[in-house]
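What you see is a predicted model; the values in this text were computed from it and never measured. In what follows, every chain begins at residue 1, and chains take the letters A, B, ... in the order their sequences are listed.
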Amino acid sequence: MTEINAALAKSFGLNAEEYGKVLDIMGRTPSLTELGIFSVMWSEHCSYKSSRVWLKELPTKAPWVIHGPGENAGVIDIGEGMAAIFKMESHNHPSFIEPYQGAATGVGGILRDVFTMGARPIANLNALRFGDPALPVTKRVVDGVVRGIGGYGNCVGVPTVGGEVNFHPAYNGNPLVNAMTVGIAAQDKIFLSAAAGIGNPVVYVGSKTGRDGIHGATMASTEFDAASEDKRPTVQVGDPFTEKLLIEACLELMQTDAIVAIQDMGAAGLTSSSVEMAGKGGVGIELDLDHVPQRETGMSAYEMMLSESQERMLLVLKPERSEMARAIIEKWDLDYAIIGHITDTGRIVVKHKGIVEADIALDPLAEAAPLYRRPYVETAKPAPLGKVEHPITLADALEKLIGCPDLCSRRWIFDQYDSTVGGQTVKRPAQADAAIIRLEGTKRALAITVDCTPRYCVADPEAGGAQAVAETWRNITATGARPLAITDNMNFGNPEKPEIMGQFVGAIKGMSAACIALDFPVVSGNVSLYNETEGRPILPTPAIGAVGVLEDAAQAVGYGLTSGLTLVVIGETRGELGRSLYLREILGREDGAPPAMDLAAERKNGDFVRAQILSGHVSACHDIADGGLLVAITEMALAGGTGVDLTLDAGPEIWFGEDQARYILAVQNAPALLAAAAAAAIPATQIGTSVNGNKLTLHNAVAISLTQLREAHEGFFPAWFA
Amino acid sequence: MPAKAGIPSLPRPRSPPRLPAHESPLMKAIVTVMLKNGVLDPQGKAIGQALNNLGYAQVGEVRAGKIIELELTETDPAAAKAAAEEMAKKLLANTVIESFKVEIAA
Amino acid sequence: MPAKAGIPSLPRPRSPPRLPAHESPLMKAIVTVMLKNGVLDPQGKAIGQALNNLGYAQVGEVRAGKIIELELTETDPAAAKAAAEEMAKKLLANTVIESFKVEIAA
Amino acid sequence: MMKAAILLFPGINRERDMQLAVRQSFGHEPAIVWHKETGLPAGTDLVIIPGGFSFGDYLRCGAMAAQSPIMQAVKTHAARGGYVLGVCNGFQILTEAGILPGALLRNAGLRFLSMDTMLRVGRTDTVFTNKWAEGDVFRAPMAHGDGNFTADSATLDRLEGENLVAFRYADGNRNGSARDIAGIFAPNLRVLGLMPHPENLVDPLMGGTDGKPLFDALAAA
Ligand SMILES: Nc1ncnc2c1ncn2[C@@H]1O[C@H](COP(=O)(O)OP(=O)(O)O)[C@@H](O)[C@H]1O
Ligand SMILES: [Mg+2]
């Protein structure tokens, strides 16, 4: 029999002070199961103990927000009585241990967060960060993660329509896999997790429980080291077929009036789902684990409560509807079991084989959860970049940049993801700045994107946090859609280090400022801390996922050029090279200050661009981001297969600087656009035209063949995996 | 938990019900399914190439197949084998492209 | 299926080159890879259910795995086995979730 | 006007896409038939088996679905000369059920392929292809991991000799299919199986209407 003491608590991730609190609450030594429940509920992953005080600073309200953070996913009004339900979540640690299954189960988990609220998932996206491509392990991880995302998403039949990929040595031992799901529901059919109704049955639906992932939530809350190898039995295997059945079964059941409350079993499985459902409803819950469908023999209460077996849901049903519910669930070949009931005790009571294995008051379990205002030091503002020498020609720099790992085509990746299933995909990957997904049965569409620029965040977390939010807003705007709200995935190192906490705080401040300036609230999110390997942290990575709406999908514009258009840059180009990809890839430097954020200009320029698109004056539009102006133009030319003649006479600072709040518009009638911009006091510069042909011609008559640029752009991944 | 009135205490058996354990001696059938000779095996080929690339020069042809272990409540090995062979023909192998082999382990 | 003209029946040797056939006695290593006990096996589960649905009530648990047959130019069975085990560890099995077994057939 | 029924096996995921294409061309809703049914709705002219991952495709693509109760009814329907369209997983199910010859193996590159491909139309005197002209090339999205069509050479020779190849890949054979075959007919020309997804290009907002002639032709039959 394991002895329950502070040392065991420590191995479960509870420090001495936290264990002291457990003893206070219990008034006795907890049982093993009780200690397990405390440890997972108070883990960083479930309690947000280091981040909670700061997350509160994020703006979460707007007239169109129906449910902000706190539910399984955020819910916003997208018109015509419909709601978009979305969230992003990380599966970083599991994806390093077992890239395929880690990424696959990450997709499965985020899908459940969304359909548990009554939404049919209509789109998946993913934000990926990998280590140095020169390392063999990076290739193995990229391959596994991409296959895992595809393997799961393709099978469940939710189109994977977008994402982003960065490479940096800071992610060598700690790749980031952030997955986002967007779903659609009727506003009057949204399901929440607060349990109610004393005596109502608590119902288990889905796959059987095995010993998968025990202490996964705790593991996601600690740093990585060589010993993590031994924690391997926690690896979970995804079963997308069962997930598909679960989606269909739940959505079918949600057409009835049987469900009182529903919650997916995510991290810390049965523990967090039952504790949260009862806690939110202000009731008690009693479970009899004898009835839990089990895949393995001899499972203990502790194991069942902590198992992270996938593809499971917990429901509270109206008792008179439970037989009808059983029929629906079993029609889909899923396990259905009544495993307990709702009580009025305010306690969670867990019984197994006639023995009470846990009996904990829910209020203190939630309220006494540790909350840390950890010490932090602000990141020192970086010195601006001085003058730099330019060793190679514009043409050579462009060719090199357009083919570098961070800028090259992601076709090899998205060609492995089914992006058309569902029949509603209007803009697929690499056609527009955001994916466009039509809402079945209406003219409307959603615009969806994910973004973050960690190389800015590490230099200036505040500017970087603001930039990540602004870039998603800009990407949505560039399609013509109205940006509505965001979800975030805060990926950082060890929060117990003041400089890491400083990065976190800075990013939150920047994000908040951008959210306020752009009327772009946060409606859901996720925090992943302790992303360090042997003490080396990742780049601070506040990944942002955003959703916008178009009233008429036909108004969406992409960035592919056709010939005969005039190219106009909206926004001010100052030529800032600090922390740019040009600086890193061409000059081998990663220094200077990231581009300054002017949120008022961001808002003004974006609103102007959107209005131009919606009035039908814009044939193509692209935001200017990674790589700067010339890279953006090249992407437009390659996407449309059309040549470009540039008239703007400028040097590398202007062509490759990454100044923010800018767009390239391709229009028929440039004078009208320039006049409208002048009237609105918006900087607008005519820089060239699109032409028939296969060349990109610079102002100095140097012509670069698009074939050559295409080979550079498309070459990296296929060559890497050849 | 004292079984609450109205709450069925056990999940119902699923289709089709199996014999209780003590009446059902177990036998294991191991079904091996391989692509027929002559059918191109892209997976085997890829594995072979990967092994060669890793420096295993001694690796020649590689074939990849599936193995399916069935627990059978049967007492007679011959009956178990016949049943497993039927299952293989019907479902486990596609005899257009695959061949199979059944072994019985007690 | 008769081999189609034009499809080579053997993968072409890749770097590094192998010995000509007459100097390289062949040995076969059979690597069986199964999911570790306790690891969810969605494939096995689905196959078991399908067999039950087809009326094979005698089928209990089903586990699905992979089998990889390697042709090795080795003379010594022990060396062949050691080599195949190394390959399994390195590439053929994902030892995070799978276990493997190597058999040598002459 | 044809009466269409779309079969639904657990794990199928392109039934809504197919519904959309049928609805648009036929002007009415197709029936949806659960795989455990033993009969088709009375008066069904056309059975459609859509794409997806029936039963997860965990054993072989389409293998378990081919054993579902409804497939007996489909076999009878096909034997009586009824129309059947199987796309992607639907094609795999038809081969596994023995309604069409051959088999679909893992893509030669062992990766899932999701991209547009060009298809060349074979004969046009069929209820499926009469809106095209022979040799027409049209665009169709594909999305599959197992589209590598294979059969013994006698079968392939027969398919070609009897002019039963419905579509071939016209812009490169990415999945390794024998003789670039993307789709085939049964000898009576009333059963069609193909890997790519014409149903995903039937509306300009999907990026084009290249796949619409298939559904328009069926609607006019
Ligand atoms: N991991 C991924 N999964 C799916 N699509 C991706 C992924 N990474 C990038 N993409 C897609 O590839 C295209 C190019 O990516 P990126 O260069 O990051 O776009 P941008 O800079 O315009 O946001 C986009 O359409 C994006 O959604
Ligand atoms: Mg981006």
Side-chain angles (χ1 to χ4, degrees), chain A residues 94-102 104-105 108 136 140 143-144 147-148 151-152 155-156 206-214 228-246 293-299 303 307-312 330 332-335 722, chain C residues 7-8 10-18 31-68 70 83-102:
Chain A
S95 300
F96 185 59
I97 297 177
E98 213 310 276
Y100 184 100
Q101 296 298 345
T105 51
R140 183 181 67 84
D143 186 48
R147 282 183 195 273
Y152 207 100
C155 184
V156 294
S207 278
K208 293 185 183 358
T209 296
R211 293 189 172 89
D212 319 82
I214 290 172
S228 310
E229 298 269 306
D230 302 334
K231 297 185 181 166
R232 276 181 165 179
T234 57
V235 169
Q236 307 140 26
V237 169
D239 180 356
F241 171 56
T242 297
E243 180 98 338
K244 171 70 173 163
L245 301 181
L246 202 52
Q294 293 161 48
R295 196 176 78 226
E296 296 179 62
T297 50
M299 290 187 70
E303 289 171 326
S307 162
E308 293 189 357
S309 288
Q310 303 286 298
E311 291 93 22
R312 302 179 301 162
E330 292 187 347
W332 289 99
D333 289 329
L334 295 167
D335 272 293
Chain C
I7 297 182
L10 271 172
R12 281 191 308 208
R14 294 272 306 256
S15 56
R18 284 181 264 132
V31 183
T32 311
V33 180
M34 301 294 289
L35 285 167
K36 284 182 184 167
N37 271 336
V39 174
L40 176 70
D41 177 6
Q43 242 192 313
K45 188 174 121 187
I47 295 169
Q49 230 169 45
L51 289 171
N52 287 163
N53 288 344
L54 278 177
Y56 295 106
Q58 73 268 53
V59 176
E61 204 189 327
V62 177
R63 306 281 294 172
K66 281 179 294 205
I67 185 156
I68 299 150
L70 309 168
E85 271 172 356
E86 203 185 289
M87 296 176 214
K89 254 180 234 144
K90 246 190 177 148
L91 182 77
L92 306 178
N94 175 352
T95 51
V96 177
I97 49 175
E98 294 170 330
S99 59
F100 66 88
K101 191 178 81 194
V102 175

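- Legend: residues meeting salt bridge (charged side-chain N to carboxylate O under 4.0 Å, His left out) with A:Asp239, ordered by chain and number and at least two apart, are C:Lys45.
- Contacts between C:Leu40 and chain A at a heavy-atom distance below 4.5 Å involve backbone atoms as well as side-chain atoms.
- Using a 4.5 Å cut-off between heavy atoms, A:Ser309 makes no contact with chain C at all.
- In this structure, the portion of A:Gln101 lying under 4.5 Å from any heavy atom of chain C is its side chain and not its backbone.
- With sequence neighbours excluded, the residues forming a salt bridge (charged side-chain N to carboxylate O under 4.0 Å, His left out) with A:Glu303 are A:Arg211, listed by chain and number.
- Only the side chain of C:Asn94 comes within less than 4.5 Å of a heavy atom in chain A; its backbone stays farther off.
- The nearest pair of heavy atoms linking C:Pro42 to A:Gly238 is CG-O, 3.7 Å.
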